[in-house]
Structures are given as C-alpha cells and as structure tokens.
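The structure under discussion appears below in the form of structure tokens.
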Amino acid sequence: MPLRTSCREGTPSRVELWTADRVAAVSFYGRLFGWEFEDRPGGSVALGQDGVVAGITVAPDGASAWRTYLAVDDLDAAAARVGAAGGALLAPPPGAASTVTGADGAGRAALATDASGVTVGLWQAGPEAGATVVNEPGAYTWSELMTADRDAALRFYQDVFGLTTRTVDLAGTPFTGLVAGDDMIGGIIPPPREGVESRWIVYFAVTDVAAVTARAAELGATVVHGPVDTPVGPLAALRDPQGAAFSVWAVNGATG
C-alpha cells in the first residue's frame, strides 16, 4: 500500500484528537483500530500499516473532539484570508522560523473558526503530508461539514481554501460535495435536528461497521446512531469514552 506523500490545497490532510485523557484515548483507539502510538512533540501520533494515521493531543480546555485539518500551500497566506472570509483564528500559526508544530511534528498548523462558527484546522505539510495512511481499514477516510449556515460556510471555504461544490444524487437525495480541483474531498450537510452541534465529522474506514460498533460499545463508547445502511455503505456515529464524536464507515467498493 503506497503512503500518501502530498495533498492538494483544501484536501483534509490530517485528523487530530483533542482529548481530556490522552492515556485513556490511546488505550481505546489502540484496542478499537489496532493503532500503535509514538510520542512526539505536542502529543502522540497514531500509526497503522507502516504510516501515520492521526494525531492525539491533550485538549487545553478539557473538551474532547476530533479536528479536521485542511491542506494549505502557505499557512501564513491562508491564515491571513480567514478573517476577511468571515472566520477567526483561534491559534495563530507559528512564525516562519519557528519549530514545526503538531502531534506528528511534521508541519505547521493553525486552528480557526469558519464563517458558520465551526472549528477547522489549517495544515502546511513539512516532511510528512499529515495522515500518510488513508482510505484503509482503521484509517481516516472522509470528513463532512455539518453546519446550520451552509451559505456562509461555502463562501468561507471557497475564499480560504479554493474549494468548490458538486451536487450528486444519492438514491434520489441531492448531496453537496466539497471539491478540490476535480476531486470530491468531503461534503456539507445540515444538522439533522435543532440542538445538534455544528462540526466537522470525521469518518474512519472499517470492514464491518456492526462489529466495530459493538466493540466500541464494549470499550466504553456511546453509540449515537447506527449501524445504518446508506446508498454509499453502512455507517455508524459514535462518541469515545471521553466524549469525542467520530463515525465509522464501510465504503462500498473500497477496502475500508
């Protein structure tokens, strides 16, 4: 399996768990997905199939959440576009002479809120592209932006990352995909009901959603919904024992 070595601007290039309990998170995800871990500056990096799968770091505010980072060619230039596009920087990027940041120690990162209030990461790759193993069982495979302010969000992601949209038909239901170049790299959906938190949803590929969901529950996770069959394959939404939401997905026709 070839490792991913680069990402087009706007593509989800890495995912990172911000957790209230790094030791417990390492135990949970290691047993659920078979990840191994290596401590690096800023946190731990999750390894699988001879590559980087994700980062894990301690949440400074104690709020556990999975973060999606979109690739940028120039972090300083992209960060400068955030405010003009209606967003706000939460963690400004380090200066050009600063040591590289991130749990995998392999790039420069910034956090922002988009124009709809959702937290998103910006990632300029260094020696590693971010997540080097993707779309394989136990690895990251997809991100969806769930937001109640679709129009503001779409303008933001176009202005900051150059993303466009493409509408596809999923068994009679239109779905808006986010596109970098010619590739659909994610999607945008509304919250299913009032009170559901707007956020980037992180999906991990698995071969058997029902089995992984049952195993997650045994390990202390909460099953939010599913497993359910969808036009693009079975999926389930979960929360880990520290409360971080994530989803698992058996993609039709793929190894995951």
Side-chain angles (χ1 to χ4, degrees), residues 12-69 90-91 101-107 109 111 118-121 123 128 130-134 136-144 146 195-227 235-250 256:
S13 56
R14 70 190 300 264
V15 290
E16 186 174 61
L17 175 64
W18 289 40
T19 180
D21 189 333
R22 185 159 65 100
V23 173
V26 163
S27 175
F28 172 79
Y29 288 100
R31 289 188 287 170
L32 183 64
F33 292 134
W35 293 349
E36 297 181 349
F37 298 88
E38 179 180 303
D39 289 339
R40 297 190 184 178
S44 300
V45 61
L47 304 171
Q49 303 187 46
D50 298 320
V52 175
V53 177
I56 296 182
T57 192
V58 175
D61 61 357
S64 297
W66 276 98
R67 305 293 190 196
T68 294
Y69 288 76
L90 299 177
T101 61
D104 51 10
L111 273 183
V118 174
T119 300
V120 63
W123 177 256
E128 292 173 356
T132 60
V133 176
V134 296
E136 297 289 336
Y140 166 81
T141 192
W142 184 256
S143 285
E144 274 177 355
M146 183 166 61
V196 174
E197 174 193 10
S198 293
R199 57 186 172 87
W200 276 95
I201 304 170
V202 172
Y203 290 79
F204 294 99
V206 298
T207 55
D208 187 330
V209 169
V212 172
T213 299
R215 177 60 173 158
E218 290 175 0
L219 295 173
T222 300
V223 180
V224 179
H225 70 79
L235 58 84
L238 308 167
R239 286 190 181 273
D240 71 20
Q242 286 69 53
F246 68 101
S247 294
V248 292
W249 180 18

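- Annotation: the span from Glu16 atom CD to Thr57 atom OG1 amounts to 5.5 Å, rounded to 0.5 Å.
- Pro227 and Val209 get closest at one heavy-atom pair: CB-CG1, 3.6 Å.
- Judged by distance alone, with hydrogens and angles left aside, the side-chain atoms of Gln49 form a donor-acceptor pair with the main-chain N or O of Pro137 at under 3.5 Å.
- In this structure, the separation between CG on Asp208 and CZ on Arg215 is 13.5 Å, given to the nearest 0.5 Å.
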- Going through the distances and angles, do Leu47 and Val52 end up as a side chain to side chain contact (heavy atoms under 4.5 Å, CB included)? CA-CA 5 Å; Leu47 304 171; Val52 175; 4.0 Å; yes
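- When every heavy atom of Ala139 is checked against every heavy atom of Val53, the shortest pair comes out as CA-CG1, 3.9 Å.
- Shortest non-hydrogen contact noted between Ala24 and Gln242 is CB-NE2, 3.4 Å.
- Smallest separation of non-hydrogen atoms from Thr207 and Ala250: O-CB, 4.3 Å.
- A tilted orientation is assigned to the rings of Phe33 and Trp35, their planes being inclined by 30° to 60°.
- Between atom OG1 of residue Thr19 and atom OH of residue Tyr29 there is a gap of 7.5 Å, rounded to the nearest 0.5 Å.
- Atoms CG and CG, from Leu238 and Leu32 in turn, are 8.0 Å apart once rounded to the nearest 0.5 Å.
- Atoms OH and OH, on Tyr203 and Tyr140 in that order, are 10.5 Å from each other to the nearest 0.5 Å.
- Between Trp18 and Pro60, some side-chain heavy-atom pair lies under the 4.5 Å cut-off.
- Between Ala244 and Leu17, the shortest heavy-atom distance links the atoms CB-CD1, 3.5 Å.
- Nearest heavy-atom pair across Trp123 and Ala109 is CE3-CB, 3.7 Å.
- Residue pairs satisfying the salt bridge (charged side-chain N to carboxylate O under 4.0 Å, His left out) criterion with at least one member in residues 20-30, sequence neighbours excluded, are listed as follows: Arg22-Asp39.
- The main-chain N or O of Ala20 is found under 3.5 Å from a side-chain atom of Ser64 such that the two form a donor-acceptor pair.
- Looking only at side-chain heavy atoms (C-beta outward), Leu235 and Ser247 stay at 4.5 Å or farther from each other.
- Separation of atoms CZ (Phe246) and CZ (Arg239) is listed at 10.5 Å; rounding is to 0.5 Å.
- Taking the six-membered ring for Trp and thresholds of 30 and 60 degrees, Phe204 and Trp66 have ring planes more than 60 degrees apart, a perpendicular arrangement.
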